[in-house]
Number of protein chains: 2
Amino acid sequence: MVSRKTVARMSRYRRLLASLHDEGVESIYSHQLARHAVVSAAQVRRDLMVIGYSGSPNRGYDVGACIESIGSFLGASDRQDVALVGVGNLGRAVLAHFAGESAAVAIVAAFDIDPDLTEHSVHGCRCFHASRMESLVRDLGIEIAVLTVPGDAAQATADTLVRAGVKSIISFAPVPLHLPNDIFVEYMDITAALESAAFFARLGGRDAAEAGDGEIEPMVKKLESLLARSNMKLEDLAENIGARVITPGRPGGTEVTRIYAGDRVSDLLNEATDKTLLVSNLASVQMLRVAELMDVPGICFVNGVEPEPEVVELARTNGTLLLVSPAGVFETCGLIYAHLAGDARS
Amino acid sequence: MVSRKTVARMSRYRRLLASLHDEGVESIYSHQLARHAVVSAAQVRRDLMVIGYSGSPNRGYDVGACIESIGSFLGASDRQDVALVGVGNLGRAVLAHFAGESAAVAIVAAFDIDPDLTEHSVHGCRCFHASRMESLVRDLGIEIAVLTVPGDAAQATADTLVRAGVKSIISFAPVPLHLPNDIFVEYMDITAALESAAFFARLGGRDAAEAGDGEIEPMVKKLESLLARSNMKLEDLAENIGARVITPGRPGGTEVTRIYAGDRVSDLLNEATDKTLLVSNLASVQMLRVAELMDVPGICFVNGVEPEPEVVELARTNGTLLLVSPAGVFETCGLIYAHLAGDARS
DNA sequence: CAAACGCTGTGAAATCTGTCACGATTCTCC
DNA sequence: GGAGAATCGTGACAGATTTCACAGCGTTTG
């Protein structure tokens with residue numbers, strides 16, 4: 001039996017693949033998709049295995065075909081109708097969220113007890129009075145419902161929906177629902193999420209300290225040899241320091257033996273080689289030009305800047321690997337260092 | 001290390017306990033709390049174990065003290081401030097959701113790029129322009145953020161938040177975020193939830209058929225002996241057929257050896273005993289009166305009706321166990337039957 | 001006052017979930 | 001055409017999570 005989590009990941013894969021497809025990407029390797037989805041490569045392969053889609057070694061997975069496969073697995077066969085109950089702020093937000101998507105699931109009817117809302121359209125979805133819910137849901141054969149009603153109405157509403165033939169419910173209400181256990185319920189418990197976040201935020205300080213368990217040995221000069229020895233891909237490094245990859249590097253991976261951090265073009269011209277990763281504050285076209293001139297394989301911008309489209313375009317054309325780290329130059333370098341040191345130790 | 005799931009459950013426990021506390025419940029057993037939270041009793045005990053709170057045998061857990069314990073575990077020490085980014089429909093819904101709650105977490109600032117929203121209050125929360133986000137978040141020492149921006153802005157916003165010192169993020173955006181791995185991220189992926197729901201709804205038919213795998217043997221007459229032999233509590237039965245418990249039964253559990261389904265009072269007077277569970281369409285006070293007269297220990301209403309407060313009140317006074325099953329009389333009986341049969345077989 | 005009962009706390013088993021490692025396969029390059 | 005490199009598919013493994021099962025203890029009952 002396929003697990004709930006796997007299905008959720010599948011949905012994410014499909015959306016990621018769809019956006020890549022729009023960018024003209026034809027095929028993709030498991031580790032690339034893994035990086036996009038923030039999971040491990042093995043996970044991706046296993047997930048794609050269960051849906052029966054096979055990629056080809058050396059070309060990876062065909063993006064289009066893979067989208068198709070996931071589609072047929074998740075059930076693109078016939079469109080599935082969804083009902084939404086509770087047209088408050090949250091309900092409207094959910095309606096707006098799905099208004100654009102032309103996915104295989106579509107919210108076709110909304111229900112509320114407020115007569116003012118009734119018989120109007122909200123974000124392109126017809127709104128009916130709750131009293132008509134049971135018969136309409138039954139007659140339309142709707143099997144999926146989104147519950148955005150207040151907590152005290154959730155149980156009764158859910159019971160009605162189940163009676164009308166609904167098989168799956170997504171509940172935003174902050175109460176657990178008591179339903180027959182052949183009904184699938186997915187809770188979107190915002191309060192629980194927030195309290196979990198608060199909990200882990202408090203732990204954050206301590207935990208992060210534990211995580212960065214490296215002794216800060218003064219072995220700076222070893223960096224070069226560490227880099228040279230480690231056959232780590234820049235792509236993998238990016239993942240480990242929390243940087244995101246904006247443009248892919250050269251095919252076959254990007255090898256570096258040095259890291260240079262700085263913004264002064266004159267220094268750069270002296271220091272950069274064709275195996276240097278450049279870490280810079282300056283997300284400008286100028287930087288890219290110099291990088292190209294020096295044949296630098298990769299650049300890492302910092303502070304989470306969003307490079308101008310022009311810059312991204314140029315990087316893509318040049319085949320320069322473009323990273324963006326959320327941290328500053330210092331932290332980014334520190335992270336890379338710690339990572340390499342940790343890697344070498346193990 | 002305590003897991004993410006455990007923390008989320010803790011949050012649910014606390015809310016359930018709080019609402020029970022308001023109802024005047026003083027103490028509770030693990031299996032009762034388990035039923036409310038729709039988890040197993042062992043799970044509850046283990047969860048409460050990790051926070052170090054101990055109940056007493058035979059009196060169970062003290063509701064008030066337990067709320068306190070969970071509070072100090074999740075961190076009630078000092079209020080934690082939360083920022084919300086993206087004051088669209090969804091953002092407003094989340095703000096409204098937390099406006100009332102006086103919990104230990106509070107959304108203290110909202111941010112958006114729309115100047116029209118800026119400097120206004122939305123649901124009692126001051127809204128600032130996004131350009132002031134980084135400095136304000138940093139200066140206020142906010143470590144938790146709710147992300148309700150469109151997908152294409154999510155990554156950049158998250159980077160900025162992390163740079164400003166945020167430790168935990170709850171993201172409603174439909175894209176995975178690439179962040180340092182000491183940052184806690186909780187995804188509320190509505191699309192994934194809906195697609196999962198759609199998937200399991202489709203499976204529903206088959207799956208349910210598999211679940212109810214019992215051969216439909218004509219052993220109706222064995223029911224009585226089955227019931228007599230099984231020392232099942234009605235409370236447990238309720239859980240297994242997806243019925244919810246409205247009022248608790250007599251202390252010490254509710255034993256039944258027969259089940260009678262029907263609405264005619266005259267039949268009832270002939271059939272009911274003090275060990276009969278009554279299954280009825282009719283959620284009326286009349287029914288309760290007859291039940292009391294005949295000393296019936298439990299009644300199960302069907303079709304998910306919401307009994308009148310008057311009925312509930314009377315049942316509580318009488319010490320009559322009141323259940324509501326989401327299904328009809330037929331299905332409810334069938335479920336109970338299947339369950340008993342399955343139980344006896346195992 | 002002793003026996004029986006029912007609940008909690010917790011070690012141990014079972015189950016679920018994700019990762020690793022390695023053979024199989026395909027493509028590239030010489 | 002064959003060696004080599006890189007990737008996929010998958011059995012085996014490790015870790016996390018949940019459930020089971022039972023000892024221990026307070027309460028009730030005869």
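Protein chains get the first letters and strands the later ones, always in sequence-line order, with residue 1 at the start of each. Only a predicted model underlies this, so the values are computations on that prediction, with no experimental measurement involved.
Between A:Asp47 atom CG and C:dT17 atom C1' there is a gap of 11 Å when expressed in whole angstrom units. As rounded to whole Å, 14 Å separates atom P of C:dG9 from atom NE2 of B:His31. When rounded to the nearest whole Å, the span between NZ of B:Lys5 and P of C:dC16 equals 12 Å. Atom pair B:Leu48:CG and D:dT18:P shows a separation of 14 Å (rounding to whole Å applied). Following rounding to the nearest Å, A:Arg9 (CZ) and C:dT17 (C1') show an atom-to-atom distance of 8 Å. Residue A:Tyr29 contributes atom OH, which lies 8 Å from atom P of D:dC8 at whole-angstrom precision. Straight-line distance from the CD1 atom of A:Ile28 to the C1' atom of D:dT7: 14 Å, rounded to whole Å. Regarding A:Asp62, its CG atom lies at a distance of 13 Å from the P atom of D:dC8, rounded to whole Å.
Under the 3.5 Å distance criterion, the side-chain polar atoms of B:Thr247 are matched with a main-chain donor or acceptor of B:Thr320. Between the side chain of A:Glu186 and the backbone N or O of B:Leu194 there is no donor-acceptor pair closer than 3.5 Å.
Here the closest heavy-atom approach between residue A:Tyr13 and residue A:Ile70 is recorded as CB-CD1, 3.9 Å. Heavy-atom minimum distance, A:Asp62 versus A:Tyr53: N-OH, 3.2 Å. Summarising the geometry of A:Val39 relative to A:Arg12, their closest heavy-atom pair is CG1-NH2, 4.2 Å, with the distance given to 0.1 Å.
Residue pairs meeting the salt bridge (Lys or Arg N to Asp or Glu O under 4.0 Å) criterion with at least one member in residues 36-51 of chain B, sequence neighbours excluded: B:Arg9-B:Asp47.
Looking at heavy-atom distances under 4.0 Å, A:Arg4 makes no contact with the nucleic acid at all. Among the heavy atoms of the strands, none lies under 4.0 Å from A:Thr6.
Taking the side-chain contact (heavy atoms from CB on, under 4.5 Å) definition, one finds that A:Ala198 meets it with B:Gln80, B:Val105, B:Ile144, sequence neighbours left out. Every residue two or more places apart in sequence or in another chain that forms a side-chain contact (heavy atoms from CB on, under 4.5 Å) with A:Tyr29 is listed here: A:His31, A:Gln32. For B:Asp189, the salt bridge (charged side-chain N to carboxylate O under 4.0 Å, His left out) partners two or more places apart in sequence, or in a different chain, are A:Arg15.
Where the helix from C:dC1-D:dG30 to C:dC30-D:dG1 starts and where it ends, the local axes point in directions that differ by 10°; five pairs per end, rounded to 10°.
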Per-nucleotide protein contact along nucleotides 19-30 of chain C, 5' to 3', at a 4.0 Å heavy-atom cut-off (B base, S sugar-phosphate only, - neither), is BBB---BSB---

